[in-house]
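The chains referred to below are lettered A, B, ... by the order of the sequence lines, with proteins before strands, and numbering in each begins at 1. Since the model is a prediction, treat every value here as computed from it, not as a measurement.
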Amino acid sequence: MSEHSLQVENLTVSYRRIPALHHVGFSVPCGSCVAVLGPNGAGKSTLLKALAGLLELETGSVSFHGRQMQGASREFAYLPQREMVDWDFPTTVRGVVEMGRYLRVRWWRRFSKEDGAAVDAALEAVQLAPLQDRQISALSGGQQQRVFIARALAQEAHVLLLDEPFTGLDQPSQESLKLVFKQLKNEGKLLLLSHHDLQNVPDLFDRVVLLNGELIAAGTVAEAFTRDNLTRTYETRVFSGVNHGLAI
Amino acid sequence: MDWLFEPFQHVFMQRALAACVLVGFLNGFMGGFVMLRRMALMADSLSHSLLPGLAVGVLLFGLAPAGLFFGALSAALLVALGAQLLSRGSRVKEDTALAILYTVAFSAGVVLLSFVKVRVSLLHYLFGNILGVSNQDLWVSYGVAGLVLPLLVAAERPLQLLLFEPSVARSQGIATGILNVGLVVALVLTMVSSLQAVGVILLLGLLISPAATVYMLCDSYAALLWGGGALGVFGAVTGLWLSYWLGLPSGACIVLVLGAIFCLAYLLSPRYGLLPKIWRSRHFHQESLARWEKH
């Protein structure tokens with residue numbers, strides 16, 4: 001595949017010596033929105049966390065733009081599930097987006113004009129500029145999701161890894177999030193989202209990665225999102241720990 | 001204005017005032033981190049585990065502040081790191097491990113203190129005695145504040161990332177493990193330096209109340225830290241002053257003043273207070289009823 005892609009080769013990740021992902025390999029081009037699909041415990045979150053550099057790789061490698069990644073990188077932004085975040089944290093929408101710039105600014109320095117402009121642009125891109133002074137608990141679920149996206153943009157990340165961003169969103173919030181994703185995709189960003197609602201996959205995504213402990217299929221929606229592949233993803237449990245009586 | 005300044009004409013009160021300002025600010029500032037990291041109960045356990053360290057310090061070095069300081073410091077660090085070790089790779093969770101370790105340590109402290117030949121009162125360590133602050137005690141506090149505060153200020157932004165969402169912070173390449181340990185060490189240092197003023201039991205009040213109060217009032221991380229520091233100074237100095245005029249124990253007065261201020265904020269904070277919230281919901285309710293009746 002071309003240089004502008006994310007390549008995962010032979011990736012194995014274990015929790016306490018019990019593998020959650022086995023020898024997974026696939027490749028996705030930049031400028032696409034990818035759904036990571038699979039049943040519970042299939043390793044969707046594990047894959048995203050491994051790509052974010054949060055988990056150690058037992059085998060295999062991840063390359064981006066032809067460069068092998070080692071651990072965490074600013075080019076990758078990880079967005080946690082909404083329940084994982086303390087929304088009562090004393091900060092505003094703008095405050096969260098500014099966190100994306102923190103590692104670019106030395107601790108004794110104030111934010112430069114450039115940093116301020118990057119934060120403004122990120123807020124603008126997710127249409128949250130009018131709400132920038134709000135405390136973050138006073139937002140809807142979709143808006144909270146967009147705050148983290150803006151933070152990733154302020155960080156100038158190229159790959160966005162989102163854990164279940166559509167979960168619990170109503171239809172209008174889902175639509176506006178979809179628009180933001182589309183816009184980011186057109187700018188050449190790569191979005192990987194774990195997702196569980198199969199109904200709207202063709203509407204929201206252009207590629208899928210089907211997982212069940214191992215890779216079942218990966219490719220464009222037309223190629224890989226087939227009834228046959230889905231049956232294999234959701235019915236076979238070849239490698240899943242459940243079969244071995246192990247809790248993962 | 002004599003009634004305001006008269007207490008501070010005495011040398012022991014001047015020393016107590018200096019200790020209040022230092023310890024109040026340090027605790028109030030540190031408290032923001034502790035609250036956001038949800039370490040309040042951990043801090044409580046650690047404060048209790050200072051006691052055996054003090055006992056060993058007294059047994060080995062007598063009442064020299066340096067001996068007490070290092071004794072208390074090492075005991076609390078042992079308990080903190082021991083709990084992490086116990087809970088790592090085991091079924092036992094960290095809070096359980098802490099609970100076991102700190103009660104064992106506290107009991108060991110009580111037993112050890114009964115062997116101490118020097119006449120020291122247990123009450124002195126439990127509830128503090130700010131009027132007995134010596135110049136050496138003050139130097140310990142200056143030293144700790146001079147070390148801990150600049151480090152915390154320098155790490156303010158990475159710490160904010162860690163406190164807000166640890167996994168995102170780690171994905172940005174922040175060494176969260178080191179920051180976590182650093183935070184615990186800073187916490188223990190802060191507590192040890194405040195022992196003389198408020199004692200093992202009341203430490204937590206001085207540490208948490210200022211931050212909790214400011215948290216009720218604003219939505220800014222920086223305001224939480226610096227405001228907590230300022231409120232800690234105010235509460236400590238006011239408590240000291242009251243204790244002088246009322247002839248009451250100083251540590252308890254400080255914590256009572258801070259507790260009263262927290263209650264006010266809890267009830268009256270414009271945005272998050274209980275009473276404005278009730279008033280608002282009733283107001284909205286009536287407004288929506290009125291709107292409905294119009295239709």
Using heavy-atom distances under 4.5 Å, tell me whether [X] contacts chain B through its side chain, its backbone, both, or neither.
| X | value |
| --- | --- |
| A:E75 | neither |
| A:L103 | side chain |
| A:F76 | backbone |
| A:I136 | side chain |
| A:V105 | both |

Given a strict heavy-atom distance threshold of 4.5 Å, which part of [X] is in contact with chain A: side chain, backbone, both, or neither?
| X | answer |
| --- | --- |
| B:Y215 | side chain |
| B:Q160 | both |
| B:I174 | side chain |

Does a sphere of radius 6.0 Å around CG in B:L41 hold more than 12 heavy atoms from other residues, nucleotides or ligands, not counting ones at 6.0 Å or beyond? no
Look at the side chain of B:R157 and the backbone N and O of A:Y102, then say whether any donor-acceptor pair between them is shorter than 3.5 Å. no
Whether A:R134 and B:D219 form a salt bridge (side-chain N of Lys/Arg under 4.0 Å from carboxylate O of Asp/Glu) is what I want to check. no
Would you call the rings of A:F148 and B:F164 parallel, tilted or perpendicular if under 30° counts as parallel and over 60° as perpendicular? parallel
